[in-house]
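Written below as structure tokens is the structure these notes are about.
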Amino acid sequence: MAETLTLAKAINAGLRRSLERDSKVVLMGEDIGRLGGVFRVTDGLQKDFGEDRVIDTPLAESSIVGAAIGMAMRGYRPVVEIQFDGFVYVAFDQIVSQLAKMHARSSGQVKVPVTVRIPYGGGIGAVEHHSESPEAYFAHTAGLRVVTPSNPVDGFHLVQQAIACDDPVVFLEPKRRYWDKAEVDASAAPPLPMGSARVVRAGLALTLVAYGPMVRTCLEAAAAAESDGTSIEVVDLRSLSPLDLDTVVQSVRRTGRCVVAHEASVFLGMAAEVAAAVAQECFYELESPVLRVGGFHTPYPPSRLEGHYLPDLDRVLDTVDRALAY
Amino acid sequence: MAETLTLAKAINAGLRRSLERDSKVVLMGEDIGRLGGVFRVTDGLQKDFGEDRVIDTPLAESSIVGAAIGMAMRGYRPVVEIQFDGFVYVAFDQIVSQLAKMHARSSGQVKVPVTVRIPYGGGIGAVEHHSESPEAYFAHTAGLRVVTPSNPVDGFHLVQQAIACDDPVVFLEPKRRYWDKAEVDASAAPPLPMGSARVVRAGLALTLVAYGPMVRTCLEAAAAAESDGTSIEVVDLRSLSPLDLDTVVQSVRRTGRCVVAHEASVFLGMAAEVAAAVAQECFYELESPVLRVGGFHTPYPPSRLEGHYLPDLDRVLDTVDRALAY
Amino acid sequence: MAIPTHAPDDGFVQLLTPEGERVDNPDFPLDISDDEIRALYRDLVLVRRIDAEATALQRQGELGLWAQLLGQEAAQVGAGRALVPGDMAFPTYREHGVAWCRGVDPLTLLGLFRGTTNGGWDPEEHGFALYTIVIGDQCPQAVGYAMGLQHDRAENAVMVFFGDGASSQGDVNESFIWASVFNAPVVFFCQNNQWAISEPLERQTRIPLFQRAWGFGFPGVRIDGNDVLACLAVSRHMLQRAREGAGPALIEAFTYRMGAHTTSDDPTRYRLDSDVEAWRLRDPLERVRSYLHKQQLVDQSFFTELDDEAEQLAERLRAGTRALPNPLPTDMFDQAYAEPHAVVDRQRAEFSQYLSGFAPEEV
Amino acid sequence: MAIPTHAPDDGFVQLLTPEGERVDNPDFPLDISDDEIRALYRDLVLVRRIDAEATALQRQGELGLWAQLLGQEAAQVGAGRALVPGDMAFPTYREHGVAWCRGVDPLTLLGLFRGTTNGGWDPEEHGFALYTIVIGDQCPQAVGYAMGLQHDRAENAVMVFFGDGASSQGDVNESFIWASVFNAPVVFFCQNNQWAISEPLERQTRIPLFQRAWGFGFPGVRIDGNDVLACLAVSRHMLQRAREGAGPALIEAFTYRMGAHTTSDDPTRYRLDSDVEAWRLRDPLERVRSYLHKQQLVDQSFFTELDDEAEQLAERLRAGTRALPNPLPTDMFDQAYAEPHAVVDRQRAEFSQYLSGFAPEEV
Ligand SMILES: Cc1ncc(C[n+]2csc(CCOP(=O)(O)OP(=O)(O)O)c2C)c(N)n1
Ligand SMILES: Cc1ncc(C[n+]2csc(CCOP(=O)(O)OP(=O)(O)O)c2C)c(N)n1
Ligand SMILES: [Mg+2]
Ligand SMILES: [Mg+2]
């Protein structure tokens, strides 16, 4: 029974499903209860599952993650919400020193299946600290998994997979796509395992790699390029850690060219890893260098400038053109 | 009047010089006063400059950085010590949200010339959280500068340059090299600006890029390779943000091959950026892919395993051989 | 343990009742002229007008967001007017009333919410630091600034603002420790407006917030946050104490957020109209108005002129907001670092070249 | 404000004087058999022996580091013996005495300091979480675990350990707030050993640490941390209270770090021998020994047997430490994640291949 859902509602449905299936799943965060979260992603869940399972916490992100670790040690499967990307840095120590390392620190004896949900990225005209793209920090951190849905179907399944995973997962929600809609069949099995990338559009001349909010932009760019006669393949990474390098490499071996796009600063951003790995794996196949397009190495600007900061269709196509020009 | 100094003593001399030259320089940190720091880098400074300028603080890194920002706003030039790499995550929010962004946030009106000194890296047989390599987090953060000396001469000059710089600087001290010695001429001018890399050994067949603790390892690897008849050029990055790409690219254009080494996880580590950028800039000159050698994507292991985790001479040479085999 | 939301059981410092009667408090005497009270009333009215106008501008799409201060005017004006030149205030994102007292043009604030800037004033010039959105981050900075004052042997103090929700952040509590250990000249001014977005005070504490100070070894006092005279008197007292070297203090201004958290918020989802109504009876402006009336300190023309002034101010904000210059695309490169940075320089050059490929009107 | 380092001016709970006299405290009565006191003394002696042996092993190069507990035996044994099965303890890096009470083999601890492991025991099995080195990080985790107990309606409690220095960390203070707001069954046990490495208590607070609790709305009490009976009685009381749903409490065990911070530290750089000497008169073992003597609860054979037991334990540690198995290079890959991770899998494969190029003895 498929239903048209926004990304926000699809994640809500995924959370609901997880709460139903496993009594050890608890949600914690700021304003997630009666308010249902500032983006309404947890809407209705406290009403239906009670204040014991959907917990409004004090305003202290470090302790939100720390307490989740403690609950996980007690056998729970906490899902915590960080209200906005820019507020996760307060919890960075608990995430990096504790959550990521607990399994290794305990020689594998302690599992901390905590999911850290974070709305991330720009494009909604917000005030500062509300448009950050912190994914590289987490992807670089051994011990964490990092996934990000680009559409409602993935939102529904990935969040359940993240919660079911015995490792800690940073679950990044592209906030400017919360209102994107798609048919979601809640009875269908997940189309892919959590760690897999997916070719979301087939093409011949170049592989465009993206994730989260930039997938739609890249699909639009590919469509525009097609009308100009250029056939572009688009890969949605879905998982940043682990990176599904095979899917990317197979695509680039076919197309011979690669562009990677994201909102974060390209300097040491996720695209650096993809570019470095693809350049190595496809050394003999690449007809042009892997090019990167993304945010600049500047703090996220005031929202009136975000149109310039964020890689849009034009900047993506400009980069594609430069790659094709080699 | 050159003097033989360890890296620790050279930084101490640089701090002393800065305290002498600018009355606005203040030092803050845990145990930096009477104890002189756990590595004695601040030895004797409180005695000579007083408790007002060399301040032992409460045990709270977030506030150490936060208070430094406030003092900087008041016209001071604070130099803070984070006792070990693994304890900087507690201060991550103040560094990333505030220190890095203050200049941009204030439309350029507020300068926060704070230096954050952090002993970093492994190899000293320490207990957990004492061997972290967090440089990628900071290099990816727009608004910060990140530098790291590999030897006493750079230690002496770079720390003064960092303190004199009007931007916030993360100053990473390779703790396992604290006891390395060299002649330091305190009266000489700094050999290079803060943001420049340096070719520390000339060679023909391959460019080996490193920084901080790995420079010595790479120099040793180059020496070993030479006795096998292979001529390797070694570049010491010195600055990770900005990255002096020109120096690296010029070298790779000469040698045609490049290996990048660091202790941090290679996945999205500094070498990813160098590899991606070099692969792009030297697309036509590269005779083999840029290869990376470094830490694994696992939390830093118990010290009995660090010899395996850290890229040593053998692993560096193995990677060099693979690059040369293309 | 239930937290009283209207008037606290264990009392607070009040110098002017909701009915507009002066009451004395032996601990916090207030020596104030009629002129000063009139000036305070003017502040209250104009600050409320700025807030209302900004809210309207947001509704009209001119601002992306606005964080209303409605109901908190007295707390902010009382605190703001207690500051003297050389003092430094560290605000959150809601201290428009303090900004006003510190001489920051409200238009500059509107730029933040319009997205033309992240902070357009010079903190040193106004003694008013940048707005801080990451909850609590300003507190350690405020203590550091206060330590700087100490080093300079300046006879000034810092006042740092934060909310009831913020009191749960690690940084805020660390700053209590630092202030205490270094005996720093800093006054913590907590506007307890009963809500942190949708979370009531019980999510942050089970005892009155001013008592938090007891755990750190400095005085804490709760004041009627809707009473501008109490806010002024206690702020002055604590600031003066700090300037004289007696160290930090915590002031809890007991007040209420009459509006939504921000214009993006829908408070009907989590709180009762009747609560809001009850607080309306404790309006911070009404009681001063009624005092001025009863004491015959003003005539009708005072109010009319003030209304006119408010209307002109609103007019200026309306026009000014629409005219706020958009930042230049290159600003982000220019402002990222104070000194040249090779990565940014390269990106600036590439981006400028990229932009030059477009017709001017597309940029 | 000077902080007293020998015996606090404002007193503390003491049930056994340094001279070995029992005193009563009406708030914290202790019902204890002679056997139990003998058992406590045995704990104290064995824990001290473990500590001494580990220190010696570090000097011999068998351990990379050791964090001595010398002087803090009573605090740890008193607290550790107040815990019951099902309770959970969250230690720092110095709670070897608590580990002992929770049945963790001291050899496992030595593995941490030898570098063969970062934590070799199962926290659930022993009711003893991993050692935590990042100061304060364990506190929010302890509160989360306590919330889990609450959810499970388990009649157990959590005890979380931290030092005087740690009391300055944001996370520790946040955990006070959480414990209070959720009324979580957690007892905060602060061993105030007067030093955070080289920093004296004045760098962390200007009032006695137990008073910190006043700012958060739960009881705080200072106890003689060198008196095992006081530590046991007050810990039992507060744990029982927590188990019964009365919420958190803070215990400040006033004690002294007789040794260096760790074997890497040189305390002569920052503190006076005379201070250490003064504290030696308050030795936590001596007073129990003297009590057992005076009350004639033991004869000489008790001490001789105990010495033998300690010597055997030390022997086992010496031999056991040298025999601790080195971890396998592949362990780091295997333990990084609970489920397969493509990046790690690839690295494991590559590294295994790389290693296979070496002769076995080189690995
Ligand atoms: C670290 C952090 N976490 C979360 C937020 C999102 N947020 C913005 S305001 C707010 C509530 C703040 O409440 P309070 O401190 O009482 O101040 P008030 O808004 O009531 O003035 C929250 C949770 C934030 N800005 N920063
Ligand atoms: C976040 C953090 N900062 C700094 C350190 C380094 N460090 C280790 S122990 C210590 C002092 C701790 O003092 P205290 O809390 O009193 O515990 P004690 O060692 O006295 O038992 C410091 C600063 C650390 N481990 N973690
Ligand atoms: Mg509030
Ligand atoms: Mg201590």
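In what follows, chains are A, B, ... by sequence order, proteins preceding strands, each numbered from 1.
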Any sub-3.5 Å donor-acceptor pair from A:E306's side-chain atoms to A:G123's backbone N or O?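 Indeed, once roles are kept as given, a pair shorter than 3.5 Å links the two residues.
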Is any side-chain heavy atom of B:E128 less than 4.5 Å from a side-chain heavy atom of B:P302?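 Heavy-atom side-chain distance check fails, nothing below 4.5 Å.
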Could you check if a side-chain atom of A:Y120 sits within less than 4.5 angstrom of a side-chain atom of A:V88, using non-hydrogen atoms only?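 No, every pair of side-chain atoms sits at 4.5 Å or beyond.
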Which residue out of [options] racks up the most heavy-atom pairs below 4.5 Å with chain B?
options                        : value
A:Q94, A:K101, A:E132, A:E61   : A:K101
A:S62, A:A272, A:G295          : A:A272
A:A271, A:A279, A:A136         : A:A136
A:Y326, A:Y284, A:F267, A:Y300 : A:F267
A:A104, A:A264, A:A277, A:S265 : A:S265
A:A276, A:A100, A:S288, A:A142 : A:A142

What heavy-atom pair brings [X] and [Y] nearest, and what distance separates the two atoms?
X      : Y      : result
B:I118 : B:D85  : CG2-CA, 3.5 Å
B:T247 : B:V235 : CG2-CG1, 4.4 Å
B:H130 : B:K175 : O-NZ, 2.6 Å
A:V259 : A:A323 : CG2-CB, 3.9 Å

Hey, which of B:L144, B:T141, B:V169, B:V146 is the one that makes side-chain contact (heavy atoms from CB on, under 4.5 Å) with B:S241?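 Considering B:L144, B:T141, B:V169, B:V146, a side-chain contact (heavy atoms from CB on, under 4.5 Å) with B:S241 is found only for B:V146.
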How about residues 105-112 of chain B versus chain A: which residues have heavy atoms under 4.5 Å apart?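 So far as heavy atoms go, B:R105 are the residues that approach chain A to under 4.5 Å.
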Side chain, backbone, both or neither of [X] within contact of chain A (heavy atoms, under 4.5 Å):
X      : value
B:V96  : side chain
B:E135 : neither
B:F87  : neither
B:L286 : both

Do you know which of B:P242, B:G269, B:P134 has the most heavy-atom pairs under 4.5 Å to chain A?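 The candidate making the most pairs under 4.5 Å is B:G269.
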For chain A, which candidate among B:A275, B:P299, B:P301 shows the most heavy-atom pairs at distances under 4.5 Å?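 Of the candidates given, the most pairs with chain A belong to B:P299.
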Any salt bridge between B:R238 and B:D244, counting N to O under 4.0 Å?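 No.
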Please flag which part of [X] lies under 4.5 Å from any non-hydrogen atom of chain B: side chain, backbone, both or neither.
X      : answer
A:V266 : backbone
A:Y89  : both
A:H129 : side chain
A:Q280 : both

Measuring centre to centre across the rings, with the benzene-like ring taken for any Trp, is B:H140 within less than 6.0 Å of A:Y137?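 Between A:Y137 and B:H140, which both carry aromatic rings, the centre distance is below 6.0 Å.
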To the nearest 0.5 Å, tell me how far [X] [atom1] sits from [Y] [atom2].
X      : Y      : atom1 : atom2 : result
A:L291 : A:L208 : CG    : CG    : 11.0 Å
A:Q250 : A:C282 : CD    : SG    : 10.0 Å
A:L305 : A:T298 : CG    : OG1   : 9.0 Å

Would you please classify the geometry between the A:Y211 ring and the A:H262 ring as parallel, tilted or perpendicular, with 30° and 60° separating the classes?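 The arrangement is tilted - the two ring planes meet at 30° to 60°.
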